[in-house]
Amino acid sequence: MTTPGEILRRYGIRPDKRRGQSFLTDSNTVRKIAQAAKAAPEDIVVEIGAGFGVLTRQIAGQAGRLIAVEIDARLVEILQKELAEFERVEIFQNDILKFDFSYISKQYKSRLKVVGNVPYNISSPVVFHLLAHRSAISEFTLMLQKEVVERLISPPGHKSYGVPSVLLQMHADVERLFDVSATCFYPRPKVESSVIHGTFRDQPLVELTDEAFFRRIVKAAFAQRRKMLFNNLKHAQILENMSGAEIQSALDESGIDGKRRGETLSLKEFALLSNILKSKAQPSGEFVNG
Ligand code: SAH
């Protein structure tokens with residue numbers, strides 16, 4: 001494998017830290033990520049942050065179509081040269097956070113597989129963007145900072161269990177595949193990385209009567225991690241029209257002790273609590289007749 005150092009020198013460019021550029025140099029890791037992505041001839045694959053195409057090249061031969069998204073114009077130019085031989089690769093210069101997965105999915109009449117060595121500075125926004133477009137995406141294989149992966153896969157009670165864990169696990173089966181040492185990148189990042197694979201479910205783990213309301217309840221429950229659930233809910237803006245007694249009765253109905261901390265609630269408990277609170281909450285700012 002031509003080393004990234006060589007490619008960068010050949011094209012006379014320096015890695016841009018602000019764009020989270022940390023290129024994979026270990027061919028074994030590149031192969032393992034491509035394998036985990038399980039791209040098949042019928043698949044439309046979208047790659048996040050293609051760089052100068054190490055992973056792109058590896059996946060290009062397996063996928064029916066590979067859409068490589070890269071924000072950096074200098075790298076896009078390199079990608080176009082380096083990958084010119086692959087007819088089924090399309091290169092998009094775009095910000096992945098503005099990338100319309102749903103439009104592409106409709107265009108190809110197929111749910112997308114997403115893969116990428118995700119730029120570290122936008123890892124959480126990327127995960128939330130995928131979640132927002134989940135109906136257009138079947139699976140994702142992502143390399144992320146180890147800490148971010150911890151937050152995504154943690155079970156209740158774990159110190160890394162939080163809003164991202166609940167929101168992602170509600171909609172996806174997520175599995176940590178393997179860790180990747182900082183020595184596998186150029187330039188070498190300060191943190192370790194892990195690769196995860198996820199499959200979006202067609203339905204959330206538990207039926208939700210109001211998805212946006214659920215998100216706000218989960219955020220409120222974790223607003224102050226050390227506080228009791230009841231107190232966090234009492235200060236939640238989304239519940240401003242509910243009295244303490246009403247919140248308490250929703251907790252009772254859900255069978256959840258308000259003295260617990262949000263971080264101990266399972267996904268099912270969050271869903272149940274949110275559905276019950278929703279059924280009791282007055283629509284805020286509206287005049288209710290009768
Ligand atoms: N896949 C390559 C590069 C990974 S580094 C490899 O593994 O070697 C992350 C890449 O994401 C960089 O090329 C960076 O320019 C690109 N990037 C950063 N922010 C981006 C954004 N908002 N949208 C798309 N690409 C982005």
Side-chain angles (χ1 to χ4, degrees), residues 1-37 39 45-60 62-63 66-83 86 89-101 104 112-130 132-133 137 140-146 148-149 177-196:
M1 182 164 133
T2 324
T3 69
E6 279 163 24
I7 295 192
L8 295 178
R9 264 194 303 282
R10 193 188 316 147
Y11 288 94
I13 61 170
R14 285 162 187 275
D16 184 345
K17 279 213 178 110
R18 289 164 311 165
R19 290 206 160 126
Q21 290 177 357
S22 209
F23 304 101
L24 266 169
T25 55
D26 180 56
S27 49
N28 190 38
T29 305
V30 172
R31 240 188 338 264
K32 276 164 76 184
I33 297 175
Q35 258 167 25
V45 179
V46 176
E47 185 188 354
I48 301 173
F52 41 80
V54 254
L55 197 51
T56 325
R57 183 178 282 276
Q58 188 75 35
I59 296 170
Q62 312 168 6
L66 174 52
I67 297 167
V69 184
E70 171 56 57
I71 200 169
D72 185 334
R74 303 169 311 164
L75 292 175
V76 167
E77 218 175 289
I78 299 179
L79 281 167
Q80 274 156 352
K81 288 196 185 125
E82 297 278 324
L83 296 161
F86 295 99
V89 175
E90 261 180 273
I91 297 152
F92 277 40
Q93 189 188 345
N94 200 344
D95 178 349
I96 196 68
L97 299 176
K98 299 200 178 112
F99 187 78
D100 192 342
F101 288 93
I104 300 289
L112 311 166
K113 285 191 174 169
V114 178
V115 60
N117 167 13
V118 178
Y120 292 144
N121 48 332
I122 55 166
S123 45
S124 294
V126 164
V127 171
F128 287 116
H129 189 58
L130 298 184
H133 284 270
I137 299 168
F140 52 89
T141 309
L142 305 176
M143 178 144 63
L144 299 157
Q145 260 169 276
K146 222 171 180 174
V148 174
V149 165
L177 300 181
F178 53 90
D179 295 338
V180 181
S181 136
T183 59
C184 296
F185 301 88
Y186 172 84
R188 199 176 282 193
K190 291 197 183 68
V191 292
E192 299 289 301
S193 305
S194 301
V195 175
I196 57 165

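Numbering of ligands and ligand atoms starts at 1, following listing order.
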(request) Could you tell me if any non-hydrogen atom of Leu97 lies under 4.0 Å from any atom of ligand 1? (result) no
(request) Take every heavy atom of Asp95, measure it against each atom of ligand 1, and state whether any distance is under 4.0 Å. (result) yes
(request) Considering the heavy atoms of Val54, write down every atom of ligand 1 situated less than 4.0 Å from one of them. (result) 6 (C), 8 (O)
(message) Please check if the number of heavy atoms outside Glu77 that lie under 6.0 Å from its CD is greater than 12.
(response) no
(request) Identify, for atom 13 (O) of ligand 1, the protein heavy atom at the shortest distance, and state residue, atom and that distance. (result) Glu70 OE1, 2.7 Å
(request) For atom 12 (C) of ligand 1, state which one of Gln21, Arg74, Lys98, Arg18 supplies the nearest heavy atom. (result) Gln21
(message) Is the positively charged end of Lys32 above the ring of Phe178, judged by distance under 6.0 angstrom from the centroid and angle within 45° of the axis?
(response) yes
(request) Compare all side-chain heavy atoms of Glu70 with those of Ile91 and state whether any distance is below 4.5 angstrom. (result) no
(message) Give me the residue, atom name and distance of the protein heavy atom closest to atom 18 (C) of ligand 1.
(response) Arg19 O, 3.1 Å
(message) Applying ring-ring contact (aromatic ring centres under 6.0 Å, His included), can you list everything that pairs with Phe92, at least two apart in sequence or on another chain?
(response) Phe99
(request) Determine whether any heavy atom of Glu47 lies closer than 4.0 Å to an atom of ligand 1. (result) yes
(request) Could you tell me the residue and atom name of the protein heavy atom closest to atom 19 (N) of ligand 1, and the distance to it rounded to 0.1 Å? (result) Pro119 CG, 3.6 Å
(request) Please examine the side chains of Lys113 and Val46, heavy atoms only from C-beta on, and report whether any two atoms are closer than 4.5 Å. (result) no
(request) Pick, from Asn94, Ile48, Val30, the option with the minimum heavy-atom distance to atom 24 (C) of ligand 1. (result) Asn94
(request) Specify the protein heavy atom at minimum distance from atom 23 (N) of ligand 1: its residue, its atom name, and the distance to 0.1 Å. (result) Ile96 N, 2.9 Å
(request) Could you tell me which non-hydrogen atom of Ser123 sits nearest to which non-hydrogen atom of Val118, and how far apart they are? (result) CA-CG1, 4.0 Å
(request) Write out the residue and atom name of the closest protein heavy atom to atom 25 (N) of ligand 1, then the distance separating them to 0.1 Å. (result) Ile71 N, 3.4 Å
(message) According to ring-ring contact (aromatic ring centres under 6.0 Å, His included), who are the partners of Phe23, at least two apart in sequence or on a separate chain?
(response) Phe52
(request) Just need the protein heavy atom nearest to atom 4 (C) of ligand 1, so name the residue and atom and give the distance. (result) Asn117 ND2, 3.2 Å
(message) I'd like to know whether ligand 1 has Thr56 as a neighbour, heavy-atom separation below 4.0 Å.
(response) no
(request) Among all protein heavy atoms, pick the one closest to atom 1 (N) of ligand 1 and tell me residue, atom and distance. (result) Gly49 O, 2.9 Å
(message) Could you check whether any side-chain heavy atom of Glu47 comes within less than 4.5 Å of a side-chain heavy atom of Ile59, counting everything from C-beta outward?
(response) no
(message) Which heavy atom of Gln58 sits nearest to which heavy atom of Ala34, and what is that distance?
(response) CG-CB, 3.3 Å
(request) Please write down residue, atom name and distance for the protein heavy atom closest to atom 8 (O) of ligand 1. (result) Leu24 N, 2.9 Å
